[in-house]
Amino acid sequence: MENSKTSESTMSVEYWLRWQVLVCALIFILPTAIAVVHLRKRGGGVRGTLKPADLWDPCWRNLHPRWLLFYRAFAFIAMAFFLYQTVAAFGFFVFFFYTQWSFALVMVYFALATIVSIRGCRIHGSKPTQNGESDKFLNKNSEEINHGTTSPSKGKEKKLELHRNQTPIIEQLRFLDNLLLIVYQTCAGAVMLTDLVFWCLLLPFMTGDNFKLTLLIGCMHSVNAVFLIIESALSRMPFTWFGLIYFVMWSCAYVVFQWVLHACCFTWWPYPFLDLSTPWAPLWYLALALVHIPCYGLYMLLMKAKYTALSGMFPHAFVRQYLHQITKEMRRHPDNGLLLGRVSTEKKKV
């Protein structure tokens with residue numbers, strides 16, 4: 001009887017016109033509007049200076065891209081297995097939770113990353129031939145300069161043109177590359193929010209007869225972060241504060257999803273802090289909105305620690321910036337001063 005009264009009150013117009021509902025709506029509508037405005041202004045953040053190889057090439061100098069491909073495929077299969085086990089045990093009802101949203105999003109990321117890595121391995125496989133042709137051309141050009149058949153200035157211009165044609169800096173990202181970058185930055189904040197809220201906020205108050213922490217539930221709230229952190233340690237995927245926009249929009253989409261369900265027929269909230277019937281609801285929603293910043297910032301600190309610690313411990317194996325291939329090529333041909341100057345300028349910008 002009480003449940004039916006709650007259902008009627010939830011579906012009534014008076015319920016949705018209460019002051020705390022309007023305040024809560026403003027709390028998540030305003031960040032969404034700000035995110036959309038910034039997205040329209042900048043239109044992609046770091047993507048303008050990104051090259052496709054950064055999405056499939058490892059950040060370790062001697063690590064072949066196929067190993068990153070194997071890891072991404074393994075992560076996708078493992079997460080698909082965990083998600084299947086969860087749905088088989090609890091049904092599709094689990095997708096009412098933000099945890100499964102984030103878990104499925106990370107799984108989608110590894111699926112997209114696997115496709116991008118497959119394409120990248122095919123590109124990487126054609127590089128030795130191109131490098132051999134480049135060495136042949138450069139050696140031939142050097143012989144022409146030594147015999148006086150070609151002036152040094154023209155020889156430098158030819159080398160510079162060859163390097164520009166082979167340098168992937170000017171390559172444009174495809175739709176799949178842009179989508180992969182967006183999903184990656186969204187996943188980073190979502191997994192931090194999901195796991196921290198579960199282990200630090202929900203679990204301490206859920207220990208009782210109605211809830212039992214199982215291995216499957218524990219994996220669902222930890223494996224996503226573990227796989228993504230290992231991915232960040234292996235790959236050269238960029239991570240900037242601009243991705244916070246996508247993270248905010250993702251969480252707002254989940255809130256809208258829950259509100260639509262309750263406006264139709266559902267009366268049960270998957271998380272108690274989403275309940276609109278309490279006068280403390282605006283404070284809960286405000287806290288949830290603000291916690292997005294430290295959650296995303298925590299992953300940003302992990303990325304900075306990656307570059308600081310790994311570049312210090314493995315200075316010769318860890319690749320800090322994506323211009324290392326051009327620098328390596330210039331060390332093999334130090335007489336090309338024009339391109340070396342351009343590389344130095346690009347490095348300072350990075």
Side-chain angles (χ1 to χ4, degrees), residues 3 71-114 183-233 247-248 250-262 265-276 278 281 284-285 287-292 294-299 302:
N3 191 16
Y71 170 75
R72 288 173 167 179
F74 168 77
F76 168 72
I77 295 173
M79 295 192 69
F81 173 77
F82 283 118
L83 188 60
Y84 169 77
Q85 292 294 329
T86 304
V87 174
F90 303 101
F92 287 96
F93 174 76
V94 296
F95 287 101
F96 285 97
F97 292 89
Y98 188 82
T99 299
Q100 274 65 40
W101 275 47
S102 301
F103 198 91
L105 184 66
V106 178
M107 190 180 70
V108 169
Y109 164 75
F110 280 112
L112 297 175
T114 301
V183 174
Y184 170 71
Q185 296 181 102
T186 307
C187 288
V191 297
M192 292 290 105
L193 177 62
T194 300
D195 296 352
L196 289 177
V197 169
F198 176 79
W199 292 105
C200 300
L201 183 61
L202 295 179
L203 187 62
F205 300 98
M206 295 175 64
T207 54
D209 297 334
N210 297 328
F211 176 79
K212 182 179 180 181
L213 180 62
T214 62
L215 180 61
L216 181 60
I217 295 177
C219 290
M220 290 295 295
H221 294 86
S222 57
V223 168
N224 50 2
V226 172
F227 277 146
L228 198 64
I229 291 175
I230 296 176
E231 159 74 13
S232 300
F247 177 33
V248 171
W250 173 257
S251 297
C252 290
Y254 176 78
V255 174
V256 172
F257 169 73
Q258 287 295 330
W259 281 34
V260 171
L261 288 180
H262 283 75
C265 56
F266 282 84
T267 60
W268 177 77
W269 294 93
Y271 301 102
F273 44 76
L274 292 179
D275 191 358
L276 296 171
T278 171
W284 279 113
Y285 275 75
L288 287 174
L290 295 177
V291 80
H292 280 67
C295 286
Y296 195 86
L298 178 60
Y299 207 92
L302 291 177

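Every value quoted in this text rests on a predicted model; they were computed, and no experiment measured them.
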- Item | Residue pair S102, T194: steps toward the side chain to side chain donor-acceptor pair (under 3.5 Å) verdict | CA-CA 7 Å; S102 301; T194 300; 3.1 Å; yes
Ring-plane angle category for [X] and [Y], please: parallel below 30°, perpendicular beyond 60°, tilted otherwise.
X    : Y    : answer
F273 : Y271 : parallel
H262 : W269 : parallel
F95  : F92  : parallel
F257 : F96  : tilted

- Near W250 CH2, under 6.0 Å, is it more than 12 heavy atoms from other residues, nucleotides or ligands? yes
- Query: Should the heavy atoms of other residues, nucleotides or ligands under 6.0 Å from OH of Y84 be counted, would the total exceed 12?
  - Reply: no
Check whether any side-chain heavy atom of [X] lies under 4.5 Å from a side-chain heavy atom of [Y], and answer yes or no.
X    : Y    : value
Y98  : L274 : no
F198 : M220 : no
Y296 : Q185 : yes

So, for [X] and [Y], which heavy atoms are closest and what is the spacing to 0.1 Å?
X    : Y    : value
D195 : A225 : OD2-CB, 3.1 Å
E231 : Y109 : OE2-OH, 2.6 Å
L193 : S251 : CD2-OG, 4.2 Å
V226 : Y71  : O-OH, 4.3 Å
C295 : G189 : CB-O, 4.3 Å
V183 : L112 : CG2-CD1, 4.3 Å

How far does [atom1] of [X] sit from [atom2] of [Y], to the nearest 0.5 angstrom?
X    : Y    : atom1 : atom2 : value
T86  : M79  : OG1   : CE    : 10.0 Å
I217 : L203 : CD1   : CG    : 9.5 Å
L201 : L196 : CG    : CG    : 10.5 Å
C252 : F247 : SG    : CZ    : 10.0 Å
Q258 : F266 : CD    : CZ    : 9.0 Å
S222 : L215 : OG    : CG    : 8.5 Å

- Between I229 and Y299, is a side chain to side chain contact (heavy atoms under 4.5 Å, CB included) present by the stated rule, with each step listed? CA-CA 9 Å; I229 291 175; Y299 207 92; 4.0 Å; yes
- Report the residues that fulfil side-chain hydrogen bond (donor to acceptor under 3.5 Å, both in side chains) with Y184, sequence neighbours left out, ordered by chain and then residue number. S232
- Under 3.5 Å, is there a donor-acceptor pair between the side chain of W199 and the main chain of H221? yes
- Item | Exam field: side chain R72 to backbone F110, donor-acceptor pair closer than 3.5 Å | no
- Task: Start with the C-alpha gap between L276 and Y285, add the side-chain angles, then the distance that decides, and say whether side chain to side chain contact (heavy atoms under 4.5 Å, CB included) holds.
- Result: CA-CA 10 Å; L276 296 171; Y285 275 75; 3.6 Å; yes
- Tell me, with the steps shown, if W284 and D275 meet side chain to side chain contact (heavy atoms under 4.5 Å, CB included). CA-CA 9 Å; W284 279 113; D275 191 358; over 6 Å; no
